[in-house]
Protein chains: 2
Amino acid sequence: MDEVFKALADASRRSLLDRLHARNGQSLNELCEGLAMTRQAVTKHLAILEQANLVMAVKHGREKLHYLNPVPIHQIGERWVRKFERGKLAALSELKRQLEKRDE
Amino acid sequence: MDEVFKALADASRRSLLDRLHARNGQSLNELCEGLAMTRQAVTKHLAILEQANLVMAVKHGREKLHYLNPVPIHQIGERWVRKFERGKLAALSELKRQLEKRDE
DNA sequence: ATAATATGCAACCAAATGGTTGCCTGTCAA
DNA sequence: TTGACAGGCAACCATTTGGTTGCATATTAT
């Protein structure tokens with residue numbers, strides 16, 4: 001879970017996920033197109049995404065195709081975001097109370 | 001949004017959020033208790049959480065009380081996780097197909 | 001066979017990160 | 001009013017991070 005959060009912390013990596021979400025199964029070169037970064041930088045980002053299991057790569061001839069794995073993102077939603085949804089309203093009203101107290 | 005992801009990337013910061021989720025409105029010293037870190041390190045983490053709007057601090061005498069703001073986490077769920085839920089099943093079956101192809 | 005294409009590997013670099021120590025300031029209680 | 005307690009500020013440090021360049025390797029097309 002920690003690796004997933006770390007992987008998601010970088011905007012370039014999130015945009016790589018976006019690109020794969022738009023079109024799955026892209027090669028390294030395809031994923032590089034239009035980015036202000038060298039291919040090697042993208043390789044490193046993809047390696048981090050693979051380690052976090054957010055992306056899976058398959059070699060196909062001389063190309064390496066990248067596929068999105070939606071499971072970890074789903075788990076972030078289920079195991080983490082959801083936890084904070086519980087007690088959300090209580091926290092919000094507490095927050096409001098404190099903000100109002102400042103004007104006393 | 002980027003600041004939120006960056007703030008969530010660190011396990012110590014996520015555990016601070018957990019602590020506040022367990023009991024809201026804790027002081028700096030309370031949040032330090034039991035952690036293998038100096039108070040100043042915790043201060044820095046809290047500053048990052050505040051900048052990301054995940055935590056709001058209110059001075060109360062000589063104490064600084066910290067309150068959880070559930071909104072950014074909620075937004076991560078709504079604006080980000082949800083996006084990848086769309087097309088999740090397609091991505092999953094594509095992934096399965098590629099995994100099976102490896103055994104050919 | 002050979003050239004072009006797609007990717008991999010390793011060394012290097014600057015900047016950001018997570019942490020420390022030392023000292024200063026503000027507030028409460030004796 | 002004088003400690004003691006809660007917190008703030010700044011300088012410093014090691015490691016990680018995000019990126020680069022240069023070269024090597026593997027596959028495809030001519």
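The structure displayed is predicted, hence computed values, not measured ones. Residue numbers begin at 1 in each chain, while the letters A, B, ... track the order of the sequences.
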Indicate whether OP1 or OP2 belonging to C/dG8 is found under 4.0 Å from a side-chain N or O atom of A/Lys64.
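It does, given that an N or O in the side chain of A/Lys64 lies less than 4.0 Å from OP1 or OP2 of C/dG8.
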So, are [X] and [Y] salt-bridged, with charged N and O less than 4.0 Å apart?
X	Y	answer
A/Arg23	A/Glu30	yes
B/Lys6	B/Glu3	no
A/Glu85	A/Lys88	yes

For DNA chain C, which residues in residues 26-34 of chain B have a heavy atom at a distance below 4.0 Å?
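The answer is none.
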Can you give each donor-acceptor pair under 3.5 Å made by side-chain atoms of residues 32-55 of chain B, sequence neighbours left out, with the distance rounded to 0.1 Å?
unit_1	atom_1	unit_2	atom_2	d
B/Thr38	OG1	B/Ala41	N	3.4
B/Thr43	OG1	B/Arg39	O	3.0
B/His45	ND1	B/Arg13	NH1	3.1
B/Glu50	OE2	B/Lys64	NZ	3.3

Gap between atoms [atom1] and [atom2], on [X] and [N] respectively (whole Å):
X	N	atom1	atom2	value
B/Lys59	C/dT27	NZ	P	6 Å
B/Asp2	C/dA16	CG	C1'	13 Å
B/Arg14	C/dG18	CZ	C1'	15 Å
B/Leu8	C/dT17	CG	C1'	16 Å
A/His60	C/dT7	NE2	C1'	16 Å

Is it true that atom NZ of A/Lys96 has more than 12 heavy atoms of other residues, nucleotides or ligands lying nearer than 6.0 Å?
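Counting neighbours around NZ of A/Lys96, 12 or fewer heavy atoms of other residues, nucleotides or ligands fall under 6.0 Å, so no.
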Quick tally for nucleotides 15-21 of chain D: nucleotides whose base has a protein heavy atom under 4.0 Å get B, sugar-phosphate-only ones S, the rest -, giving ---SBBB
Polar pair under 3.5 Å, donor/acceptor by atom type, side chain A/Arg62, base C/dT5:
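Present.
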Locate the shortest heavy-atom distance separating A/Arg14 from B/Asp2; write the atom from each residue and the value.
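Smallest heavy-atom distance, with atoms named: NH2-OD1, 2.9 Å.
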Kindly indicate, with the supporting measurements, whether the criterion side-chain contact (heavy atoms from CB on, under 4.5 Å) is fulfilled by A/Trp80 and A/Phe5.
CA-CA 11 Å; A/Trp80 205 83; A/Phe5 274 109; 3.7 Å; yes
I'd like to know if the side chain of A/Asn24 reaches the main chain of A/Leu68, judged simply by a donor and an acceptor atom lying under 3.5 Å from each other, with no hydrogens or angles considered.
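Yes, A/Asn24 side chain to A/Leu68 backbone: donor-acceptor pair under 3.5 Å.
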